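For reference, the structure discussed in these notes is given below.
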Amino acid sequence: MAIQPWFTDAKLGIFIHWGIYAVDGVQESWSFYDDIVPYDRYMSQFDRFTAARYEPRDWAKLFARAGARYAVLTSRHHDGVALWDTAHGDLNVGRDLIAGYADALRERGLKVGLYYSHSDWSHPDYASTRKPGRPPELEDNRYSEVAAEDEDPAAWKRFLGYRDGQIRELTSRYKPDLLWFDGEWDRSEEQWRIPELAALIRSEVPDVVFNARMLSEGDYATPEQGAPVVPPDGPWELCLTINDSWGHQHHDHNHKSVDQLIRYFAETIGGGGNLLLSVGPREDGTIPAEQAERLEGLGDWIAKHAEAVYGTERGLPAGHHYGPSTLSKDRRTLYLTLFDAPRAEINVRGLLGGVRRVTVLGTGRELAHRITGGLHETPGVLWIEPPTGADLDPHATVLAVELDGELDLYRGSGRF
C-alpha cells in the first residue's frame, strides 16, 4: 500500500513525550527498567501528575505556528501508563487527555498521530515469554522477559488481548491518521502478531500511516536522533529532541539553537524526509518557554521559505551543491539552501539543460548566473552571483533556480 500523500508533503511533525515521568523529570520508562530509579519511586509520580494547565488548543496553535502539519502524542509509553481512561489494564491517568488533543489538532488542520509502545513493562502478563533466539549471554530483565523454562503462553495471550483492547479504544475513539509504534525489539513479529494487529487497526482507520516499528507493516523508515548521512530510500522521518531528552527533565538545558534546528530541518527535507521534533511538556501540561521559542523561530523561517518546503521532493544528491536542496513537484525549480554567507559565486554541477533565472526566496532579488565549461556529454558548471546584505537570511538563505525544463542530472565521470 502506498503511503498517504499528506505524510510526505507534511515535512514537519511535533513529537510530544508527556507522562508521569515529567513530575520528577526522570527518563521515561527506562529509568526504572535500568534500575536508575526504583520502580515504586517511579510510580509515586502517578499521584502528582496533575495536567492542571493543559490547554491542547495552545499546543495546536504553537505547532501550527512552527509550520508542523502533524503531531504525535505518547498515548502509552513502555511504563504502561495510559493517557486516556482505558478499560483495559490498571494503569491510566483516570481521565481522557487525548480527545482534546485530537480535536485541537484537527481544528488547526493538523493530522493526528498517537505513539503506542508494543511493550508494557508494568503489565503482570508481559514478562511471561522471551524473544526467540535471544543470545543466552544477554542478562534477562525482570520487567521484559523470563527464563525459557518459565515461559507462559497463556499469560502472553492475555497480554495480547489487553493490547488489542487498548488499540481498539485508540482507533475507534480518536481515528488517528498515524500510529507511531515503539518497543518492537522485545519480541518477534510473530509474537506481536503484527499482521493481525495491522488488520485490526485498518478495520477502524483504513488510511492510517504506520512507522517502521510496525515491522513488515511499516510505511516509512524511522531513524532516531542521528541524522542519516545517506538518506533512506522511500519515505522516512528523523525523530529528534530539542534538547537531550524526550520527556521533560528539569536539569536538561542543553537546547539546540534555532540555527541548528533549521539545519537539521533543511537537511532532512532535502533528503526526502520529515523532521519529527520532540517537545517535553511539564507535568501540568505546559510546554517550556525555551522549547516554544525554538519552535516559533523554526516556524518563522519556514513561513518565509514555504515555497521551498511544502510540496517539494528530495533535492540534489551529494556532490552537486554544497548544501541541502529541494525540488518542486513539477521538477522545474530547484531550491538551494545556503547556511553561510557566500564569499564567492555559488556553483551547481551536473545540470543537464539551461537555467531561466535565479532569485532569492523571500526577497525576490534576481541574481546573475552563467554556465562555464562542459565537454561532450559532460555539462558545464552553473555559477550564481552571491547574495549580499538584506538578501541574506540571518539563519539560512534559499535560492530558487528556475530550470528550462524538468531537472535532468549528469551522474557520469567525464571523458577519460
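Remember, predicted model here, so these are calculated numbers, not experimental data. Every heavy atom of this structure was used, including side-chain atoms; hydrogens, water molecules and symmetry mates were not. If you read the sequence from its start, that first residue is 1, and numbering goes on from there.
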### Query
So W156 and W192, would you call those rings parallel, tilted or perpendicular, with 30° and 60° as cut-offs?
tilted
### Message
Has H376 got a side-chain atom pairing as donor or acceptor with T378's backbone, closer than 3.5 angstrom?
### Response
no
### Task
Check the pair Q27, S245 against side chain to side chain donor-acceptor pair (under 3.5 Å), reporting the backbone distance first and the verdict last.
CA-CA 8 Å; Q27 188 179 12; S245 309; over 6 Å; no
#### Entry: Ring geometry between Y143 and Y33 (parallel below 30°, tilted from 30 to 60°, perpendicular above 60°)
tilted
### Close side-chain approach of W6 to V209, heavy-atom, < 4.5 Å
yes
### L97 CG to F49 CZ distance, which is reported to the nearest 0.5 Å
6.0 Å
### Message
Can a donor-acceptor pair be found, under 3.5 Å and without considering hydrogens, that links the side chain of D408 to the backbone of L352?
### Response
no
### Query
Any chance CG of D330 has more than 12 other-residue heavy atoms, nucleotides or ligands included, within less than 6.0 Å?
yes
### Query
Got a second to check how far L160's CG is from Q191's CD, nearest 0.5 Å?
9.0 Å
### Query
Do D177 and R69 sit within salt-bridge range, that is, some charged N less than 4.0 Å from a carboxylate O?
no
### Query
Can you check whether P56 reaches D103 side chain to side chain, under 4.5 Å on heavy atoms?
no
### Query
Could D24 and R48 be called an ion pair, given the rule that one side-chain N must be under 4.0 Å from one carboxylate O?
yes
### Side-chain heavy atoms of S29 within contact of W121, under 4.5 Å
yes
### Query
Ignoring hydrogens and geometry, is there a side-chain-to-backbone donor-acceptor pair from E385 to A368 under 3.5 Å?
yes
### Message
With a 3.5 Å distance limit and no angle check, can you tell me whether R294 reaches the backbone of E290 through a side-chain donor-acceptor pair?
### Response
yes
Which side-chain N or O atoms in residues 57-68 pair as donor and acceptor under 3.5 Å with protein atoms at least two apart or in another chain?
from: R57; atom 1: NE; to: E107; atom 2: OE1; distance (Å): 3.0
from: R57; atom 1: NH2; to: E107; atom 2: OE2; distance (Å): 2.9
from: W59; atom 1: NE1; to: G285; atom 2: O; distance (Å): 2.9
from: R65; atom 1: NH1; to: E296; atom 2: OE2; distance (Å): 3.4

### Message
Centroid separation under 6.0 Å, is that true for the rings of H118 and F181?
### Response
yes
### Query
Does the side chain to side chain contact (heavy atoms under 4.5 Å, CB included) test come out yes or no for T241 and Q225, once each step is laid out?
CA-CA 7 Å; T241 53; Q225 291 285 58; 3.1 Å; yes
### Query
What orientation do H17 and F15 show, parallel under 30°, tilted 30 to 60°, or perpendicular over 60°?
perpendicular
### Query
L403 versus V355: any side-chain heavy-atom pair under 4.5 Å?
yes
### Query
Going by the angle between their ring planes, with limits at 30° and 60°, are Y39 and F32 parallel, tilted or perpendicular?
perpendicular
#### Entry: Centroid-centroid distance, H248 to H250, less than 6.0 Å
yes
### Query
Just checking, is any N or O donor in the side chain of R168 or S172 under 3.5 Å from an acceptor N or O on the other one?
no
### Query
Could you walk me through whether D120 and Y162 pass the side chain to side chain donor-acceptor pair (under 3.5 Å) check?
CA-CA 10 Å; D120 184 339; Y162 147 81; 2.5 Å; yes
### Query
Do any pairs count as a salt bridge (Lys or Arg N to Asp or Glu O under 4.0 Å) and have a residue in residues 258-277, sequence neighbours left out, and if so which ones?
none
### Query
H77 and side chain to side chain donor-acceptor pair (under 3.5 Å): which partner among W30, Y115, Y116, W246?
Y115
### Query
Do the side-chain N and O atoms of H78 and S117 include a donor-acceptor pair separated by under 3.5 angstrom?
yes
### Task
I would like to know whether D340 and Y322 meet side chain to side chain donor-acceptor pair (under 3.5 Å); could you show each step before the answer?
CA-CA 11 Å; D340 303 302; Y322 294 105; over 6 Å; no
### Task
Would you give the length of the straight line joining atom OH of Y264 to atom CG of L238, rounded to the nearest 0.5 angstrom?
7.5 Å
### Message
Any carboxylate oxygen within less than 4.0 angstrom of a Lys/Arg side-chain nitrogen, looking at K175 and E204?
### Response
yes
### Side chain proximity check, I20 to Y42, heavy atoms < 4.5 angstrom
yes
### Message
Salt bridge or not between K329 and D9? Use side-chain N to carboxylate O under 4.0 Å.
### Response
yes
### Task
Evaluate the side-chain proximity of V81 to M43: yes if any heavy-atom separation is below 4.5 Å, no if none is.
yes
### Task
Mark yes when over 12 heavy atoms from residues, nucleotides or ligands other than R193 sit less than 6.0 Å from its CZ; otherwise mark no.
no
### Option among L295, V72, L276 that satisfies the side chain to side chain contact (heavy atoms under 4.5 Å, CB included) test with I14
L295
### Query
Taking the six-membered ring of Y126, is NZ or CZ of R187 closer than 6.0 Å to its centre and within 45° of its axis?
yes
## Note on the structure
So CZ of R53 and OG1 of T286: to nearest 0.5 Å the spacing works out to 5.0 Å
### Task
Any chance you could measure T8, atom OG1, to R314, atom CZ, to the nearest 0.5 Å?
11.0 Å
#### Entry: R365 atom CZ: more than 12 heavy-atom contacts under 6.0 Å
no
### Query
Between N92 and T86, is any side-chain donor less than 3.5 angstrom from a side-chain acceptor?
no
### Message
Using side-chain heavy atoms (C-beta onward) and a distance below 4.5 Å, is L298 in contact with I262?
### Response
yes
### Query
Going by the angle between their ring planes, with limits at 30° and 60°, are Y70 and F7 parallel, tilted or perpendicular?
tilted
#### Entry: Heavy-atom side-chain proximity of R95 to D85 below 4.5 angstrom
no
### Query
Hey, are W383 and T372 close enough side-chain-wise for a donor-acceptor pair under 3.5 Å?
yes
#### Entry: Point-to-point distance, once rounded to the nearest 0.5 Å, from CH2 of W180 to CZ of R213
3.5 Å
